[in-house]
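Just so it is clear, the values below take in all heavy atoms, side chains as well, and ignore hydrogens, waters and symmetry mates. Positions are given from 1, in the same order as the sequence printed here.
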Amino acid sequence: MNKICIYALALFFCLSGATVYSQTNEQQIVFSPNEQRDDIFYHTIERGQTVYAIATMYGVSVEDIYRLNPGSEDGIKAGATLRVPQKESAITPSGKIDNYMYHTIQPRETLYSLSIKYDVPARDIVAANPGLSTSTFTIGKTIRIPPTRIENLPGKETQTVQKRMEYTVQKRETMYRICRKFNISTVELIRLNPELKNGIKAGMVIQIPVTSEETIVREAVRQPEEHEVNALLSAPKDIQHVRRIQVALLLPFMAHDTTRTAATARFVEYYEGLLLAVDSMRTMGTNIELSVYDTGTGTRKLKDILREQALTDANLIIGAVQNDQIGMIADFTQKHGIKYVIPFTSKNDDVLSNALVFQVNTPHSYLYSKAAQAGCDLFAEHNIILVRVKDNEEKPDFIKAFKAEMQQRNIPFREIDYNGETFAQDIEAVMTRDKRNVVMPTSASLEAVNKIKTPLRMLSELKTETDTVPYLINLFGYPEWQTYARDCLEDFYALDTYIYSNFYADNLSPEVHGFYAAYKHWYSKTLINTFPKYGILGFDTGMFFLGAIKAYGANFEENLDKIHYKSIQTGFDFHRVNNWGGFINTNLFIVHYKNDFTVTRAEVR
């Protein structure tokens with residue numbers, strides 16, 4: 001393994017910001033996109049989207065959405081449309097000018113007709129919407145329109161041009177004097193002349209940046225034909241092959257902090273797992289250069305890190321936990337055209353407007369929506385019973401989503417309140433022997449599982465004189481239940497338990513055993529007892545993205561549907577949030593603890 005240079009890193013877990021769950025609301029008003037107005041457009045709601053996310057992606061407030069869509073305060077329904085106001089040009093928190101307007105595609109509209117309508121070159125529209133293609137340019141979809149750019153009329157214009165000149169270093173000249181002479185920074189001078197890192201000598205010929213203004217004669221541009229414009233949506237995109245994959249990892253190692261936290265240890269483990277992925281890819285002939293940096297807290301150190309040439313040259317940047325750092329890195333990657341992986345937090349808004357962002361941790365609204373859908377697919381013909389267990393680990397947003405999905409599909413379900421003295425009688429009263437009974441507590445806590453598991457096991461074995469067949473029972477539960485295997489594994493098997501989760505590692509599988517052995521061989525220690533395992537998360541993330549770049553180049557996002565990585569713990573199913581935004585991981589596993597004492601993990605697509 002090549003030597004890895006660690007510069008600096010550090011951040012906190014930041015799970016800030018509340019979201020509103022998208023759910024069915026029978027009283028919701030649905031608007032037709034055919035109603036044309038200049039001051040509004042229409043957004044078709046997708047599964048897992050929240051009012052907050054929709055407002056954020058268009059640069060308006062939640063109150064704007066509520067005002068134009070009475071009833072949306074109580075919930076929104078996938079497939080319905082929302083009125084959204086056209087915003088004024090604004091300065092984003094990062095200082096960028098956001099002067100796009102948005103358009104809902106109407107029947108019979110084409111890329112050519114929109115180019116004419118808004119007097120914007122079609123290529124500019126395509127560039128502003130990286131996700132635009134024949135499959136996404138459809139009625140009801142929203143695209144953003146960049147400002148009008150007049151390029152067809154002949155004329156003259158003055159442009160600022162950056163050039164370089166050669167300069168011979170004179171006797172007794174220092175870098176400081178040369179920088180003052182030409183009004184440039186030492187960082188810029190060394191960037192153009194890396195040899196200056198070893199010192200400056202008289203007679204050296206170096207490059208000096210020079211800015212000048214030039215008058216350019218603009219000739220009339222031929223207008224493309226309609227078929228040429230519309231063909232832009234189906235034009236094949238060549239793979240941008242990468243001979244050496246350059247990766248930068250930015251994490252809070254706190255290298256100079258003597259009081260390391262448990263979170264810091266997890267980030268170190270993530271890095272170690274990523275190193276194993278780098279080594280695995282290298283054994284398969286992949287040329288990889290990995291640079292690792294300690295960001296520190298806040299953004300002061302990060303600003304210096306982002307000036308490093310290794311960051312500018314990177315094909316992939318991974319890391320950051322705090323939203324202020326994530327935002328700064330996202331802006332940097334957008335400016336330089338670099339893919340950016342956010343590995344931990346699920347609560348960040350940059351993915352909504354940056355087409356280069358990949359968010360690994362699934363936002364709860366998407367996770368709950370997909371899990372509710374999967375639960376209904378599995379149990380639609382069963383007797384579903386929700387047990388209201390009140391404690392501090394209740395899952396109201398998921399239960400709300402699950403109930404909304406069942407109501408939308410007309411799937412009957414029952415609800416009871418947990419009462420320790422009467423639970424066995426209460427649950428039996430709503431059970432049936434002619435179909436399976438699916439029981440789900442409203443809390444994910446171990447205490448909630450312990451409260452209901454023994455009575456359910458007794459009922460699953462109960463036979464009477466008139467009923468010789470016991471109740472058929474399944475438990476349905478949460479990702480947190482993976483951490484209870486030591487206490488409840490036998491009960492999970494006995495109750496034929498299903499859980500939904502965006503991560504799962506089968507400790508009995510040869511893949512997991514192999515990873516544990518490799519990790520211990522490399523680092524002479526075992527993985528930290530957390531869920532998910534950060535070392536495996538780093539390995540899975542590295543294998544997916546490095547493999548994607550190796551196979552499909554720097555623009556691998558054009559071939560996401562062809563990338564099939566069999567993960568050890570964390571699956572990847574990236575979904576673009578809109579035509580101009582990035583990707584979120586919507587992968588979901590259904591883990592089944594069968595009563596034959598085996599465990600299966602199935603991906604939900």
Colleague: Any chance the rings of H103 and Y118 have centres within less than 6.0 Å?
Modeller: yes
Colleague: Hey, is the main chain of L537 close enough, under 3.5 Å, to the side chain of T541 for a donor-acceptor pair?
Modeller: yes
Colleague: Suppose we call two aromatic rings close when their centres sit under 6.0 Å apart. Are Y270 and F344 close by that rule?
Modeller: yes
Colleague: With side-chain hydrogen bond (donor to acceptor under 3.5 Å, both in side chains) as the criterion, how do N587 and N502 come out once you've worked through the C-alpha distance, each side chain's angles and the decisive distance to 0.1 Å?
Modeller: CA-CA 6 Å; N587 179 77; N502 52 349; over 6 Å; no
Colleague: Using only atom types and a distance under 3.5 Å, with no angle test, would you say the side chain of S501 pairs donor to acceptor with the backbone of Y504?
Modeller: no
Colleague: Ring centroids only, cut at 6.0 angstrom: are Y100 and Y58 within range, meaning strictly under it?
Modeller: no
Colleague: So, using salt bridge (charged side-chain N to carboxylate O under 4.0 Å, His left out) as the criterion, who are the partners of K562 when residues are at least two apart?
Modeller: none
Colleague: Could you tell me whether the side chains of N585 and Y366 share a donor-acceptor contact shorter than 3.5 Å?
Modeller: no
Colleague: Salt bridge or not for D573 and K370, using N-O below 4.0 Å?
Modeller: yes
Colleague: Is there a donor-acceptor contact under 3.5 Å linking the side chains of D349 and Y52?
Modeller: yes
Colleague: Flag the pair K566 and E603 as a salt bridge only when some basic side-chain nitrogen lies within less than 4.0 angstrom of an acidic carboxylate oxygen.
Modeller: no
Colleague: So does R67 pair up with D64, basic N to acidic O under 4.0 Å?
Modeller: yes
Colleague: For K301, is there an ion pair with D304 - N to carboxylate O distance below 4.0 angstrom?
Modeller: no
Colleague: Should the pair E109-K117 be classified as a salt bridge under the 4.0 Å nitrogen-to-oxygen rule?
Modeller: no
Colleague: Check Q408, R409, Q407 against E405 for a side-chain hydrogen bond (donor to acceptor under 3.5 Å, both in side chains) and give me the one that passes.
Modeller: R409
Colleague: Between Y112 and H227, is there a side-chain donor-acceptor contact under 3.5 Å, judged purely by atom types and distance?
Modeller: no
Colleague: So, do F545 and V341 sit near enough that their side-chain heavy atoms are less than 4.5 Å apart?
Modeller: yes
Colleague: Please check if the side chain of N555 supplies one atom and the backbone of Q240 the other of a donor-acceptor pair under 3.5 Å.
Modeller: yes
Colleague: I'd like to know if the side chain of R83 reaches the main chain of I40, judged simply by a donor and an acceptor atom lying under 3.5 Å from each other, with no hydrogens or angles considered.
Modeller: no
